[in-house]
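Down below is the structure, laid out as structure tokens.
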Amino acid sequence: MLFPDIDKTPEQYELLYPKRQLPEGAKVTRFAPSPTGYVHMGSLYASLVSERLAHQSNGVIFLRVEDTDKKREVEGGVSNIVRALSRFGINFDEGVTDIDDEKGSYGPYKQSERMDIYKSFAKRMVEKGFAYPCFCSEEDLDKIRSRQEEKKITPGYYGEYAVHRNSTLEQVKEELSLGKSFVLRVKAPNNPDSRFILNDLIKGDVEMPENFQDMVLLKSDGLPTYHFAHVVDDHLMRTTHVTSGDEWLSSAPLHIQLFEMLELEKPYFAHISPIMKIEGSSKRKLSKRKDPEADVSFYHEQGFPSISVIEYLVNLTNSNFEDWRRENPKSPNTDFEIELERMSVSGAMFDLIKLTDMSKDIVAGMTAEEVYDMSLKWASEYDSELWTLLSADEKYAKSIFNIDRGGEKPRKDIAKWTDVKPNIFYFFDDLFDLDVAAGRNFPEAITSDEVSRLIREYSKVYNHKDNKDMWFDRVKEFCEEMGYSKDVKTFKKNPGVYKGHVGDVTGVIRVAVTNRRNTPDLYEIMQVMGEKKVMERFDETWGRFSCP
RNA sequence: GGCCCAUUGGUCAAGUGGUCAAGACAUCGCCCUCUCACGGCGGUAACAGGGGUUCGAAUCCCCUAUGGGUCACCA
């Protein structure tokens with residue numbers, strides 16, 4: 001009567017979606033976003049855990065789109081999500097792959113296309129006496145609620161307040177004949193004192209009250225609520241491990257109840273703690289509205305390598321990751337096995353500084369080639385000026401990235417691609433000139449005349465063909481000629497005898513060449529720039545400072 | 001408010017009845033050094049509070065406080 005068009009039974013669906021043939025211990029997990037297009041850091045975190053769980057056990061992870069709320073749907077949302085996740089290396093074995101595309105044999109993977117399946121199971125619920133139609137309007141429900149609030153009892157649709165709970169067949173027929181729309185509600189047992197223990201893989205044993213609210217299973221538009229869809233889908237898709245944010249913990253009693261009513265095998269549950277943000281002295285969940293860093297595209301825009309974000313998140317799941325990383329500096333992070341039992345039960349603070357630090361380590365371990373490719377790719381999307389510079393002379397750019405790289409103690413000055421330009425600008429005349437126009441950065445303690453004298457004289461003795469030792473020897477020699485000590489210690493012993501020490505002289509040279517007081521190895525920089533550019537900068541320096 | 005969960009240095013955290021309570025990031029100092037980094041060495045710094053149980057409690061129990069989650073025809 002309620003579902004006249006439904007001809008398939010749950011048993012038929014059982015046959016259609018048989019148990020998966022997987023090796024012993026293989027886990028089947030899923031990521032189930034609603035298609036808003038926005039991927040929250042917490043979602044990435046949860047999907048990462050699910051993906052690793054599946055793939056570390058030779059299992060399967062699929063992407064299911066929960067599009068049962070048409071009001072919230074955003075155009076292009078699905079492809080956005082798929083793209084965002086794949087950028088972070090999260091790939092699915094089955095499920096939705098794009099707006100109208102999917103793979104795998106347990107589909108459809110879009111809930112909006114599974115209506116008949118839900119109705120078949122809903123019909124079964126009604127047949128078993130575990131569900132009933134409810135014809136209450138919004139106003140009716142409001143009335144019930146305000147009555148309950150007056151009496152200070154738990155609000156909701158249950159027990160004696162569930163007016164349609166015990167309607168007779170005739171009453172239902174009558175309502176239907178009036179053309180009224182209805183929702184389908186679960187007929188929950190009404191014994192509020194009954195409790196059960198949920199064995200959560202992360203939280204451990206949690207004692208909870210049994211669900212006694214007659215929650216909605218099918219909405220008046222016929223679409224299922226999340227709760228009902230989850231139970232049906234995760235059963236038919238043969239999910240073994242349901243990972244979800246811990247905001248779902250409190251609806252677990254309902255889900256378990258539904259599994260039991262339908263006599264379906266229950267999956268394991270793992271509720272993941274949310275990622276928090278500190279604000280002032282209080283913690284709160286990372287918020288989509290308030291925190292730009294809640295959106296994963298933030299990291300992409302900032303140019304954090306995806307792998308850095310992933311390693312940071314892995315570290316957040318299992319803090320022994322850091323030890324593992326120290327012992328396996330070169331292994332891909334996918335080799336690290338995530339254990340649910342080791343996951344924190346309380347929310348972790350998202351620490352951008354630590355992410356940055358980890359990212360520096362990761363970038364420092366890359367080859368110049370990799371840094372070049374990745375920063376170029378980033379620049380092509382977000383910084384056309386940088387892109388032009390990098391692509392104009394690939395060899396030059398790579399030799400820049402190669403400075404102080406690859407050795408025992410690589411530099412760690414790049415955490416994200418937005419750090420690149422400020423670190424290398426002086427290798428490019430246009431940017432260098434622009435920077436110089438804004439002011440020279442010679443130390444205040446040294447006069448313009450002295451700067452000019454030093455550079456003029458130094459440009460005479462500078463030999464581009466020197467190797468590093470020869471270069472530095474020559475610098476020391478030059479220092480003594482100019483009245484500076486050849487090392488810092490000598491200067492400190494007899495400060496009165498010298499104008500300064502070698503550090504002061506190289507400091508001046510450094511600013512002349514780069515307009516920065518702090519740079520990587522000066523010799524390397526000059527070698528990469530080439531003799532012509534170095535000499536130009538020397539000339540420009542003493543030319544400018546000698547004739548005001 | 002009801003129901004759940006949590007609380008170890010500034011942050012992430014080891015820890016499951018006996019530890020001088022790990023480690024990492026941050027911070028501070030020293031060393032290395034042509035600058036800045038890197039690196040090395042070292043320092044400051046924690047079991048939310050109160051009761052029990054026990055020879056012994058960060059660890060088990062109770063209370064309090066604080067924080068978080070959730071209470072929809074949203075997921």
Side-chain angles (χ1 to χ4, degrees), chain A residues 32-36 66-69 71-72 111 134 136-138 141 145 149 152-157 181-185 192 195 198 200 203-204 206-209 213 215-227 229-230 244-253 271 273-274 276 278 281-285 312 315-316 318-323 325-326 342 344-358 360 364 404 407-413 443 472 475-476 479 486-488 501-507 509-511 514 516-523:
Chain A
S34 48
T36 57
E66 312 227 316
D67 54 349
T68 55
D69 184 3
K71 285 177 291 245
R72 299 208 321 180
Q111 290 185 331
C134 162
C136 284
S137 64
E138 228 173 285
L141 294 176
R145 188 173 309 116
E149 273 164 12
K152 294 211 178 9
I153 54 173
T154 313
Y157 200 82
S181 65
F182 65 91
V183 301
L184 195 75
R185 288 182 181 273
R195 303 177 74 78
L198 167 71
D200 187 277
K203 305 254 176 201
V206 182
E207 189 184 326
M208 304 180 98
Q213 296 258 6
M215 300 298 287
V216 172
L217 266 23
L218 294 183
K219 300 182 265 188
S220 56
D221 58 4
L223 289 165
T225 57
Y226 166 82
H227 310 290
H230 149 60
S244 49
D246 78 353
E247 67 269 24
W248 288 109
L249 187 62
S250 46
S251 46
H271 288 95
S273 309
M276 314 290 287
I278 198 148
S281 56
S282 70
K283 276 186 179 185
R284 61 172 170 76
K285 255 172 106 170
Y312 176 69
N315 181 246
L316 232 42
N318 283 186
S319 65
N320 56 326
F321 173 74
E322 273 179 310
D323 298 332
R325 181 41 96 204
R326 252 193 303 281
R342 296 194 80 103
S344 169
V345 285
S346 56
M349 210 71 79
F350 192 86
D351 188 346
L352 200 59
I353 292 174
K354 182 136 182 172
L355 165 63
T356 302
D357 182 82
M358 289 181 70
K360 281 179 179 172
D404 279 357
E408 285 278 300
K409 298 189 282 186
R411 290 189 72 79
K412 295 187 180 175
D413 41 21
F472 197 48
V475 168
K476 286 181 182 167
C479 284
K486 66 179 173 107
D487 57 51
V488 182
H501 56 77
V502 63
D504 297 322
V505 176
T506 51
I509 301 172
R510 173 171 282 111
V511 175
T514 67
R516 281 290 117 102
R517 292 189 196 177
N518 310 327
T519 71
D521 189 273
L522 186 52
Y523 172 77

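For the numbers below, each heavy atom of this structure counts, side chains included, while hydrogens, waters and symmetry mates do not. Residue numbers begin at 1 in each chain, while the letters A, B, ... track the order of the sequences.
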Do any N or O atoms from the side chain of [X] and from the backbone of [Y] form a donor-acceptor pair under 3.5 angstrom?
X	Y	result
A:Glu66	A:Ser34	no
A:Asn318	A:Asn320	no
A:Thr68	A:Thr225	no

Which whole number of Å gives the distance between the [atom1] atom of [N] and that of [M]?
N	M	atom1	answer
B:rG17	B:rC30	C1'	41 Å
B:rA14	B:rU66	P	26 Å
B:rA58	B:rG18	P	10 Å
B:rC12	B:rU7	P	12 Å
B:rC61	B:rC4	P	15 Å
B:rU11	B:rC3	P	30 Å
B:rU27	B:rG10	P	15 Å
B:rC38	B:rA26	P	8 Å

Taking 4.0 Å as the cut-off, does a side-chain nitrogen or oxygen of [X] come that near to OP1 or OP2 on [N]?
X	N	answer
A:Arg195	B:rC4	yes
A:Lys219	B:rC74	yes
A:Ser344	B:rA13	yes

Please determine, for the side chain of [X], which listed nucleotide ([options]) has the closest atom?
X	options	value
A:Leu522	B:rU35, B:rC34, B:rG39	B:rC34
A:Leu316	B:rA14, B:rC12, B:rC34	B:rC12
A:Thr506	B:rC25, B:rC34, B:rU35	B:rC34
A:Thr519	B:rA26, B:rU35, B:rA75	B:rU35
A:Asp323	B:rC3, B:rG23, B:rA75	B:rG23
A:Arg326	B:rU35, B:rA24, B:rA75	B:rA24
A:Ser319	B:rA13, B:rC4, B:rC25	B:rA13
A:Asp357	B:rA26, B:rC73, B:rC34	B:rA26

Hey, is the side chain of [X] pairing donor to acceptor with the base of [N] inside 3.5 Å?
X	N	result
A:Ser250	B:rC3	no
A:Arg510	B:rC34	yes
A:Arg411	B:rC36	yes
A:Lys354	B:rA24	yes
A:Asp504	B:rC34	no

Regarding [X], tell me which of base, sugar-phosphate or nothing describes its non-hydrogen contacts under 4.0 Å with the strands shown.
X	value
A:Asp521	base
A:Asp69	sugar-phosphate
A:Cys136	base
A:Tyr523	nothing
A:Arg145	nothing
A:Gly503	sugar-phosphate
A:Thr68	sugar-phosphate

Point to revise | 5' priority, RNA chain B, between A:Glu322 and A:Glu138 [closest heavy atom] | key: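 Checking each residue's closest nucleotide, the 5'-ward one belongs to A:Glu322.
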Review point. How do A:Ser220 and A:Val206 order along RNA chain B: which one's closest nucleotide is nearer the 5' end?
Key: A:Val206
Exercise for review: With sequence neighbours left out, write down each residue that passes side chain to side chain donor-acceptor pair (under 3.5 Å) with A:His501, or none if nothing qualifies.
Suggested key: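 Once residues adjacent in sequence are excluded, A:His501 has no partner under the side chain to side chain donor-acceptor pair (under 3.5 Å) criterion.
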Integer-rounded Å distance: [N] [atom2] and [X] [atom1]:
X	N	atom1	atom2	result
A:Leu249	B:rU70	CG	P	11 Å
A:Met208	B:rG2	CE	P	16 Å
A:Gln213	B:rA72	CD	C1'	11 Å
A:Arg325	B:rC25	CZ	C1'	17 Å
A:Leu198	B:rU70	CG	P	17 Å
A:Asp246	B:rC4	CG	C1'	10 Å
A:Asp413	B:rC38	CG	P	9 Å
A:Lys203	B:rA6	NZ	C1'	8 Å

Which residues pass the salt bridge (Lys or Arg N to Asp or Glu O under 4.0 Å) test with [X], not counting sequence neighbours?
X	answer
A:Arg342	none
A:Glu138	none
A:Arg516	A:Asp435

Check your understanding: Is there a side-chain contact between A:Val502 and A:Lys486, using heavy atoms and a 4.5 Å cut-off?
Key -> no
Review point. Do A:Asp323 and A:Arg326 meet the salt-bridge criterion of a basic N to acidic O distance under 4.0 Å?
Key: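 A:Asp323 and A:Arg326: salt-bridged.
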Exercise for review: Applying ring pair (Phe, Tyr, Trp, His ring centres under 6.0 Å), name anything that partners A:His271, two or more places apart in sequence or on another chain.
Suggested key: none
**Study point:** Pairing string, 5' to 3', for RNA chain B - Watson-Crick or wobble contacts under 3.5 Å, brackets [ ] where pairs cross, | to another strand
**Key:** ((((((((.[[[..)..(....]]].(((((.......)))))....[[[[[..)....]]]]])))))))....
Review point. Are more than 12 heavy atoms from other residues, nucleotides or ligands located less than 6.0 Å from atom CD1 of A:Ile353?
Key: no
